[in-house]
Each structure stands twice: as structure tokens, then as C-alpha cells.
Amino acid sequence: MFNTPQLEAIRYQDGPSLVVAGAGSGKTRVLTYKIAYLIEQGFRPWTILALTFTNKAANEMKSRIAGVVGAEEAKRLWMGTFHSMFLRILRTELPLLEESDPLHFPPNFTIYDQTDSNSLVKGIIRELGLDDKIYRPGSVLSRISDAKNHLVTAGEYAASAAQYQSDLRSRMPEVRTVYSRYQERLHKACALDFDDILVFTYKLFNSHPAILRKYQDRFQYILVDEYQDTNHAQHQIILQLAALPPHRVCVVGDDAQSIYSFRGADISNILGFSDAYPDCSVKLFKLEQNYRSTQTIVKAANSLIHKNQGQIHKEVFSERSVGLKIPVMEAYSDVEEAQMINKVITRLHGKEHIPYSDIAILYRTNAQSRVLEETMRKNSVPYCVYGGLSFYQHKEIKDVIAYFRLAVNPADEEALKRIINVPTRGIGQTTLNKIIGAATEHGVSLWAVLTDPTAYGMKLNSGTIGRLSAFADMVSRFIDKCNTDDAELAGRYILSESGLLKDIFSDTSIEGRSRQENIDELVAGLHDFVGLRREEGTDAVMMTDYLSEVALLSDMDRDGDDSTERVTLMTIHSAKGLEFDTVFVTGLEENLFPNQMSLSSPNEIEEERRLFYVAITRAKQHLYISYARSRYHFGKMEFSNPSRFIHDIDAQFLSMGKQQSASAAQPRPSFFGSRSSFSENHASFSDNRQQLSSEVSTRRLRPLTSVEKQSSDRFNRRTDISNTIQNNNSQSSANRTGVAFATGSIQVGQHILHDRFGMGEVVAIEGTGDGEKATVRFENSGVRQLLLKFARFKVVD
DNA sequence: GGCTCTAAAGTTTTT
DNA sequence: CTTTAGAGCC
């Protein structure tokens with residue numbers, strides 16, 4: 001079941017350990033069983049802190065652990081992302097600090113997402129009279145974010161000569177001023193940004209030894225997955241929490257898969273972890289056997305990654321079958337690339353009966369998904385796109401969430417700015433600027449000015465005053481509602497009373513309909529949130545609880561639809577940690593992969609190469625690599641050469657197809673020389689080309705508009721679900737009904753069909769009356785405990 | 001103050 | 001090509 005190093009890694013618990021785990025080496029399984037083992041050894045679940053990279057990874061691991069030690073135990077683990085776990089700590093601790101403490105925050109503080117941060121920085125740049133051509137908000141914010149990742153505060157930043165010199169070189173000497181003001185404004189808005197979650201946690205522990213001690217004592221064992229992608233702040237917090245002997249901390253990762261340095265991830269955290277504890281040695285475990293992929297894939301990956309310098313040496317090997325050589329497919333254009341891939345998918349699905357859900361198409365940038373989607377749709381291949389514009393980033397959803405945020409925390413400046421005139425109520429930019437000016441001048445929140453404009457010297461005409469006070473009154477009612485009613489009731493109230501609902505539902509255009517669907521889905525989400533929490537016996541069902549949850553959600557974390565049969569499309573970054581029988585890695589072109597932005601720096605090229613390594617090691621059986629000779633970029637066609645990375649793989653593992661005839665048209669001489677062996681496709685594809693090309697020339701594909709894209713996406717996501725689960729009504733909140741049950745009506749061993757989790761088997765029942773709970777093992781949703789009083793399901797047998 | 005039209009910029013990856 | 005920001009007009 002486990003090999004020797006895996007077993008040793010699982011059992012070791014005397015001190016700090018580092019598990020260097022090659023791709024496909026069963027890293028997640030080791031982590032899962034280590035935690036289960038710890039619990040069996042007597043560690044209580046709430047004394048174990050397990051940090052993962054995504055919420056999804058955490059939930060999956062949790063439900064696997066539940067399968068071993070039971071749902072009741074697994075539920076109590078501190079398991080989640082760095083951000084969600086530390087946010088939980090901050091919500092508990094920050095309100096308890098003295099008000100004079102700079103870290104003090106009331107419990108209802110907001111989390112600013114990147115858009116909020118960007119908008120705030122932009123506003124500050126404008127207020128300071130800086131040129132936003134030079135001070136591009138994005139670059140300024142990334143400097144600030146960089147500083148925060150390195151735990152450099154605004155004050156330290158302003159005092160640092162080195163920082164100043166660096167900013168000066170970028171012609172942005174005032175970044176330090178922006179940083180300081182940015183931080184002030186966050187504080188005034190009662191908000192933390194993403195990076196602050198880490199910075200505040202570090203500072204909290206650093207300046208309050210008693211609080212640090214409390215968590216050091218609580219967390220008897222700390223486990224961290226994907227350690228190669230942690231940043232300096234995260235690393236330091238781990239060191240704080242595991243500072244006391246015997247330093248029971250276990251970090252797991254693979255330096256060869258470090259792909260987030262652009263976000264501040266520091267590979268030296270894992271490379272140097274062996275020296276983290278001067279008073280004791282860190283036990284090193286190497287997992288080198290790959291259980292996922294064919295020998296060919298593993299060897300090809302090795303030959304690629306060995307082109308990089310500076311890594312922990314390991315020799316990943318596989319004992320699976322040798323497998324096929326890796327076809328490298330060349331296409332004329334991005335469209336043809338998509339069509340070739342579709343052709344192969346159709347063949348694999350039809351002749352080899354590979355389910356669509358075992359197939360993934362990976363790409364470097366989100367923009368590449370368009371052409372693929374269009375082609376898949378034309379060929380009726382079901383697909384699902386992950387990432388890109390997440391549900392929570394749609395305008396209408398952000399508007400609604402902004403209302404919610406304002407109702408929970410009226411000081412929230414970005415939320416207020418966003419919706420003060422949505423729907424239009426005659427409060428325009430001019431008035432808003434005056435309010436911001438007065439608020440800045442008096443050092444108070446926008447809300448304070450808004451509720452009493454004259455007190456802050458606002459000169460306004462009576463009409464404006466009336467409109468402002470009407471708005472303030474409305475928000476006050478929302479605040480009250482959020483204090484008394486649960487998230488769903490309050491949410492519905494806000495939607496209708498704000499006029500948003502009327503505004504959105506009076507628009508009958510295609511775009512409007514798409515917005516309406518999104519709003520429906522949001523309300524359904526609120527309903528589920530309240531319903532599920534009640535089912536699980538939690539009473540945290542208020543708007544503030546809901547917001548805490550959604551603030552850290554990304555598209556990757558959305559509901560699993562793994563029961564359905566669809567090809568997965570995602571960026572390579574999103575694919576980290578996943579595996580598929582068949583993987584297509586697309587767009588292997590110079591300037592795209594490696595990306596143009598990374599060409600100037602050897603380090604960044606190495607990171608791109610690691611990214612390619614991640615991509616190819618996702619495949620279990622079938623791996624295909626493709627590139628296009630031309631591709632649309634900003635609407636105009638551009639030609640490109642095959643990626644240098646193809647060359648980095650030992651040619652014996654690749655299948656390049658036959659020699660090209662001299663007459664074939666080439667947009668440009670190949671990277672590999674004019675008599676390239678690259679141009680003709682792998683044998684099994686070459687016969688496709690002619691029919692495909694004619695199709696290309698007759699019908700130029702039009703990129704999808706955002707609405708078409710959304711609705712097709714929705715179609716693709718949804719249809720299969722509603723067919724399999726007949727009474728699934730998650731599409732609409734309107735006809736949602738709970739299925740009521742008398743308690744005592746189900747028994748262990750019965751199968752149920754849950755409204756949301758699908759099919760599952762009842763494995764235990766405990767408690768009586770209103771407290772009666774069933775433990776259910778779901779086919780696709782893991783093991784869960786449901787409070788029968790609230791649970792919505794029906795018994796199947 | 002609000003709406004419409006035009007111009008410019010943008011795509012690297014995301015908790 | 002698409003999205004967004006800004007100017008100009010009502």
C-alpha cells in the first residue's frame with residue numbers, strides 16, 4: 001500500500017520533517033494518511049493545523065480523512081488555505097485587542113479583493129496628483145504587495161533607502177507615499193487586503209507573545225502542502241507557530257513544481273528548510289517513485305527539468321508501462337490546433353472509450369481557451385472551463401456583494417463607491433469626490449460623512465442632501481436586517497429594496513438574461529449556504545458569516561461537478577495537483593510558452609520550464625504536445641516559432657512525425673532550421689489536416705462574445721447535472737423546495753439522493769429529536785454529517 | 001448629473 | 001478583438 005519512504009514520512013513525528021515529493025509520487029495520499037495516523041496516535045483533530053494551497057484541495061483531503069477516521073473527527077481539523085485559517089484566527093483575536101492597538105479591528109472587517117485594492121490605489125494616485133501613466137495602479141500595487149509578502153510595513157518601506165532607490169529607478173519615487181496612504185485608507189475602511197491576512201497574523205504573533213503561545217500550544221502538529229509555493233510571510237508564520245521544541249512540523253513539496261514566484265512564492269523556503277532549526281535537524285524524506293504516469297512521460301519530464309539549475313536532487317522513476325511516445329503536433333493556426341485536438345479527443349473517446357472527464361486541455365494563458373471552446377462546441381464535445389473570470393467577478397455579482405459588504409461594514413469604502421449610484425439615484429462622481437475629499441480631510445470613513453454631510457463642511461444643494469440621506473437610510477435598514485435575519489433573508493431583502501433586482505430584471509437583452517441567471521445563482525448560493533450550515537448544525541448563518549466565506553473563494557473552489565462527463569479546460573497553474581488520463585499541452589510557442597514577459601530573466605525562464613514540467617506530469621497515460629504557427633493576438637495574426645521547451649525534452653521520448661516536404665508553406669523559418677522535422681504531424685494526425693484546412697478556410701471562426709461564452713459555458717456546465725439529478729433545482733432559487741422528513745425515517749445502509757451532494761450511503765445515525773444526525777458517504781462529495789431536521793434529500797432504497 | 005460615442009490599452013500565471 | 005476610460009453633449 002505504501003513504499004518505504006512514504007511509510008517513514010507518515011510515521012515520523014519526533015520533530016520537523018521535509019518531504020520532497022516528485023510529481024505523482026503520492027504526496028497527497030501521504031499527507032492524508034499522516035493526518036489520519038496522527039489522529040489514531042492520539043492527536044486530537046483540533047490540535048492539527050494542515051495548510052493547503054486551495055480550498056478545494058483542503059475539502060478533498062478533509063473528506064478523504066473523514067473516510068478513515070470519521071466525519072465527526074475530520075470536521076474539527078484546522079484544515080484549509082493559509083488565508084482562510086489565518087483569517088479565522090484574526091476574526092477571533094483582532095477584536096479582543098485593546099482599541100489603541102494598531103492591530104485592533106472590529107469583528108466585521110472586510111476583505112478587499114484585488115479589484116478593490118486596485119481601485120483604492122488608483123484613487124490614491126489620483127488624489128496625490130501623480131501621473132497614472134507612470135504610476136500604473138497595477139505596478140504600484142504589485143510593489144506594495146511585494147513589500148507585504150516580505151513583511152515590510154509602510155513605515156519600514158518609507159524609511160528604506162534601498163526601496164527608495166529601487167522605486168526611483170522605476171521612476172516612481174512616491175510609491176512609499178501611496179503605500180502609507182493605502183494602509184491608512186484600509187484601516188479607515190475597516191478592511192484588510194489579501195496580503196494583510198498574512199502580515200497581520202505575523203504581527204499579531206510577533207507583538208503578542210501570549211497569543212502566539214496560545215496557538216503554539218493548540219497546534220501540536222503543523223502540516224503544509226505545496227511548500228515550494230509559500231512566500232516569505234507564510235514561511236515566517238510557520239516558523240513562529242512551530243518555534244517550540246520538538247517542532248512538530250511537516251512540510252511537503254517539490255521544488256521542481258514551484259510556479260508562483262510572480263506572486264511572491266520563494267523557492268528558498270523549501271530549499272533551505274533543512275536548516276530552519278539550529279537546535280535540531282530536519283528529517284528529509286524523498287518520494288521518488290511516480291505512481292501516476294508511464295515511464296515515457298516520467299523520463300521525458302526528467303529530461304526537461306534537468307535543464308534547470310539549482311534543485312534538490314531527485315530521480316523520479318516509474319514502474320508503470322513504458323507507454324507511447326509523446327506526439328508533438330504542429331498546426332498552421334490556433335484554430336487548426338484546436339481542431340486537431342478535437343479530432344484526437346473524438347477518437348480517444350469513441351475508439352478507446354476514454355471518458356471526457358479523464359481528458360484535460362492545458363494552456364499557458366486564459367485567452368487561449370476561446371478558440372478551444374468555440375471548436376469544442378462546434379464538435380459537440382462537452383467541456384468545462386475552470387478559472388478565468390470567476391463567478392464572483394461578474395459585475396452584477398460584485399454589485400450585490402458590495403451591498404452585502406456595506407450592510408455588514410458600512411465603513412467599507414470600495415463597496416460604497418461601487419454601489420452608491422447603482423442603480424442610478426442621482427449621486428454622481430462630483431458628489432462622490434466631495435465626500436471622499438471631506439472624509440480624507442477629517443480622517444473619517446465615507447460612511448461617516450455620508451450620514452452627516454453638514455458636520456464635515458459639505459456644501460451641497462438640498463436635492464443632493466435629500467438623495468444622500470435617502471441612500472443612508474436605506475443602507476441603515478440593510479444593516480438592521482443583517483443583524484436580525486439570516487443571510488438568505490437579508491440578501492433577498494437587500495436585492496429587492498435596493499432596486500437592484502428591478503434594475504437587472506427589467507433588462508431583457510441577452511446580456512441581461514445572463515445577469516439574471518447569475519443573480520439567481522447567487523440567491524441559490526445564499527439559500528444553500530444557510531441550508532447547509534443548518535443541516536450541519538452550525539448557527540453561523542448570518543450575512544457576515546457568508547461574506548467571510550465568499551471573500552476567499554476562487555473559481556477553482558466552486559461546486560464539484562465531477563459526476564458529469566466533460567473535458568476539462570484550464571491553465572497549467574490551475575492544474576497543479578490534478579491528474580488526468582489524457583492531457584493536451586497546447587501553445588508551445590516562443591513568446592507564449594515561455595511567455596514573452598519571462599524571456600529577459602534566466603530565473604523566469606526556469607520557472608516557465610517548471611511550469612511545463614507541471615503540465616506534462618499531469619498525464620497518466622496519454623500526453624500530447626501542440627503548437628501553432630500562427631495565432632490571433634489582440635485581434636491580429638502573429639506568427640511564432642515552436643517553443644525551446646520542446647527541444648529540452650530528450651527526442652527519444654517524442655514522436656515528431658515524418659520529414660516535411662520542401663513545398664509546404666511556412667510563415668517563417670522554423671526555430672529548428674529551415675528543413676525542420678517538425679512540420680508534419682504525428683502520423684495519425686496528418687490525414688486530418690486536409691479536411692480540417694478546408695474547413696478553416698471556408699469558415700473563419702469568430703471569437704465568442706462574453707455573453708455567448710457565459711451562456712454556452714453555463715449550458716455545458718448544467719445540462720448533465722439536471723439530467724442525472726432530476727429534482728436538482730440549483731439553477732433557480734424560485735422553485736426551491738425542501739423535502740421534509742419525519743425523523744427516524746432513515747436507517748444505516750440506505751441510499752439517499754441529496755439535493756446538493758447527490759447519491760450517498762448512510763453509514764451512521766446518532767442523536768435524537770432535532771439533534772438527530774446522519775453520517776453519509778457521498779459518491780462525489782465525500783463523507784458528511786447532516787442534521788436530519790434540515791437535510792434535503794430523498795431515500796432511494 | 002447622466003448618457004453616448006470614441007480612443008487607447010491590454011494578456012501571464014492567482015490565494 | 002474586447003474592454004474600459006474619458007470626453008463631449010444633452
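First the proteins, then the strands, lettered A, B, ... as listed; each starts at 1.
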With [X], which residues qualify under ring-ring contact (aromatic ring centres under 6.0 Å, His included), at least two apart?
{"X": "A:Phe634", "value": "none"}
{"X": "A:Phe82", "value": "A:Phe86"}
{"X": "A:His573", "value": "A:Tyr260, A:Phe262"}

message: Using the P atom as the point on both nucleotides, what is the distance between C:dG6 and B:dT11, in whole Å?
response: 16 Å
Find the distance [X]:[atom1] to [N]:[atom2] and express it as a whole number of Å.
{"X": "A:Arg425", "N": "B:dC3", "atom1": "CZ", "atom2": "C1'", "answer": "18 Å"}
{"X": "A:Leu468", "N": "B:dG1", "atom1": "CG", "atom2": "C1'", "answer": "13 Å"}
{"X": "A:Asp503", "N": "B:dG2", "atom1": "CG", "atom2": "C1'", "answer": "14 Å"}
{"X": "A:Ile572", "N": "B:dT14", "atom1": "CD1", "atom2": "C1'", "answer": "14 Å"}
{"X": "A:Lys576", "N": "B:dT14", "atom1": "NZ", "atom2": "P", "answer": "11 Å"}
{"X": "A:Tyr392", "N": "B:dT15", "atom1": "OH", "atom2": "P", "answer": "13 Å"}
{"X": "A:Ile197", "N": "B:dT15", "atom1": "CD1", "atom2": "C1'", "answer": "9 Å"}
{"X": "A:Asn118", "N": "C:dT3", "atom1": "CG", "atom2": "P", "answer": "18 Å"}

message: For A:Phe639, does the six-membered ring have the charged nitrogen or CZ of A:Arg629 within the cation-pi criterion, i.e. under 6.0 angstrom from the centroid and within 45° of the normal?
response: no
Classify the nucleic acid contact of [X] as base, sugar-phosphate or nothing, counting any heavy atom under 4.0 Å across all strands shown.
{"X": "A:Ser84", "answer": "nothing"}
{"X": "A:Phe53", "answer": "sugar-phosphate"}
{"X": "A:Asp229", "answer": "nothing"}

message: Please encode protein proximity along nucleotides 7-13 of chain B as a string of B, S and -, counting only heavy-atom distances under 4.0 Å.
response: ---BBBB
task: May I ask you to say whether A:Asp399 pairs ionically with A:Arg515, meaning some side-chain N is under 4.0 Å from a carboxylate O?
output: no
Got a list of protein N/O to nucleotides 4-10 of chain C N/O distances below 3.5 Å?
from, atom 1, to, atom 2, distance (Å)
C:dA5, OP1, A:Lys122, NZ, 3.3

statement: Only residue of A:Glu336, A:Glu589, A:Glu638 satisfying salt bridge (charged side-chain N to carboxylate O under 4.0 Å, His left out) with A:Arg631 is A:Glu589
task: Map A:Thr424 and A:Gln234 onto DNA chain B by nearest heavy atom, then report which one ends up closer to the 5' terminus.
output: A:Thr424
query: Where does the angle between the aromatic ring planes of A:His235 and A:His232 fall among parallel (under 30°), tilted (30 to 60°) and perpendicular (over 60°)?
result: tilted
task: For the residue pair A:Ile197 and A:Leu552, establish whether any side-chain heavy-atom pair is separated by less than 4.5 Å.
output: yes
task: Return no unless some side-chain N or O of A:Thr430 is found under 4.0 Å from OP1 or OP2 of B:dG1.
output: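 Checking B:dG1 against A:Thr430, a side-chain N or O does come within under 4.0 Å of OP1 or OP2.
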message: Could you work out, with side chain to side chain contact (heavy atoms under 4.5 Å, CB included) as the rule, every residue matching A:Thr28, not counting sequence neighbours?
response: A:Thr32, A:Met61, A:Arg64
